[in-house]
Amino acid sequence: MKAEVRVLYFGAAQEATGKSEETIMAADTASLRNQLISRYPALKQIPFRMALNRTLLKGDSGLQKSDTIAIMPPFQGG
Amino acid sequence: MKAEVRVLYFGAAQEATGKSEETIMAADTASLRNQLISRYPALKQIPFRMALNRTLLKGDSGLQKSDTIAIMPPFQGG
Amino acid sequence: MKNSCLIKGPITPVLISELMASGNDDAGAGAVSIFIGRVRDDETDGKRVTAIEYSAYEEMAVKEVEEVITTVRSAFSDVRSVFIVHSLGVVMAGEASLFIMVTSGHRDHATRACRHTLEMVKERLPVWKKELY
Amino acid sequence: MKNSCLIKGPITPVLISELMASGNDDAGAGAVSIFIGRVRDDETDGKRVTAIEYSAYEEMAVKEVEEVITTVRSAFSDVRSVFIVHSLGVVMAGEASLFIMVTSGHRDHATRACRHTLEMVKERLPVWKKELY
């Protein structure tokens, strides 16, 4: 079942999508990833990882209403 | 041939000899070491190394007039 | 002062002095190891970097910093305190954007834990930069 | 300020700030690694150390410090500056007696060269201490 989740864009993903956040309907992170790449082709160039509710995802995960997904290009801190 | 050298005492060697420097006649560092240990028995307890003219000695060395020998217990800097 | 935080703008020499002073109370801390990361005036394609603008996923970064500190403290038993500060926003070339300080009883754990903290910060903090020319 | 020296008494926070400032001109130095050694208030046989009195073979120590710096700079090509300051005389518990700072382009050489400098200082500087209770 699809859930409405909050999607945050950071770094180069912000430039690729032209926005810093939005809400999207998706059932799981795998389908969300596909949806994002087809909606924003520029994202395909960016090896982004996702965080679910502030925790980096190792694999895929289902999504629930009011989950927050962060789209995170490679970190550049320091 | 014996030479008159300047001998400097540091750290625990200063306490063992009761002085910070003196001049001693010695032909080489090996005989100087023996002389010092027999003159100051307390030095026997201290695993001292010697520097000749500000350079740590790896082995034994002959001595010349106006050489400076430093008697150096284990370093404790830092 | 809190041990760890994200601050707006550069980590100034005054702030660094304050951070260092807050490690000074502990007379059992014989060793203090510090790493400061600064913006380099690198040249790319004939253009010289004048500043870097940092952004972060702040809520996650704060959580990650806490986890890094917990991990370092449990890995290095002689460690007595760990400080991590990272800049957000614009930091000019030559200014500091990262400050890490580890205190411990003896030198071995301070130096190793500081390096380990640095590597974890690089790997785990959700921070991004944009070069300004 | 000279890069390296033996100073009388503790290495105060003010002096540390000055030393750090003298590394600040170089906008190519992206990494600064610092080690500070402080007098611990250790307890031995029920007596607590209140201070340490340092003495040195000064002429040799100055020469050794220069050699350590030369060795470190040739071993770590990314290093841009090396500072070594050691106290002589009385330093109270909690005060700093050793300051090492290494700057380099990137973090790897700064952190490794700082640790290497520290180990060489410990091994090569003709410095002795006397605990005061």
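Excluded from the calculations below are hydrogen atoms, water molecules and symmetry mates; all remaining heavy atoms, backbone and side chain alike, are included. Chain letters run A, B, ... following the sequence lines, proteins first, then strands; residues in each count from 1.
- Looking at every heavy atom in both residues, C:Arg38 comes nearest to D:Val32 through CD-CG2, 3.5 Å.
- Highest contact tally toward chain D, considering only C:Asp26, C:Asp25, C:Val14, is held by C:Asp26 [criterion: heavy-atom pairs under 4.5 Å].
- For a residue to count as touching a neighbouring chain, one of its non-hydrogen atoms must lie under 4.5 Å from one of that chain's; by this rule C:Ala96 does not touch chain D.
- The number of heavy atoms from other shown groups lying within 6.0 Å of CD (D:Glu123) does not exceed 12.
- For the atom pair CD1 (C:Ile34) and CD1 (D:Ile16), the distance works out to 7.5 Å, reported to the nearest 0.5 Å.
- Other residues, nucleotides and ligands contribute more than 12 heavy atoms inside 6.0 Å of the CD atom of D:Glu53.
- A donor-acceptor contact shorter than 3.5 Å links the side chain of C:Arg40 to the backbone of D:Gly105.
- Most heavy-atom pairs under 4.5 Å with chain C: of the set D:Ser97, D:Ala29, D:Ser33, this distinction falls to D:Ala29.
- No part of C:Asp42 comes within reach of chain D, as not one of its non-hydrogen atoms sits under 4.5 angstrom from that chain.
- A 6.0 Å sphere centred on NZ of C:Lys63 holds more than 12 heavy atoms belonging to other residues, nucleotides or ligands.
- Of the residues considered (C:Met20, C:Lys122, C:Met92), C:Lys122 shows the highest number of contacts with chain D, using heavy-atom pairs under 4.5 Å.
- When all heavy atoms are compared, the tightest approach of D:Arg107 to C:Leu118 is CD-CD2, 3.6 Å.
- Between chain C and the options D:Arg115, D:Arg112, D:Glu95, heavy-atom pairs under 4.5 Å are most frequent for D:Arg115.
- Scanning both residues, D:Pro13 and C:Asn24, for their nearest heavy atoms gives CG-ND2, 4.1 Å.
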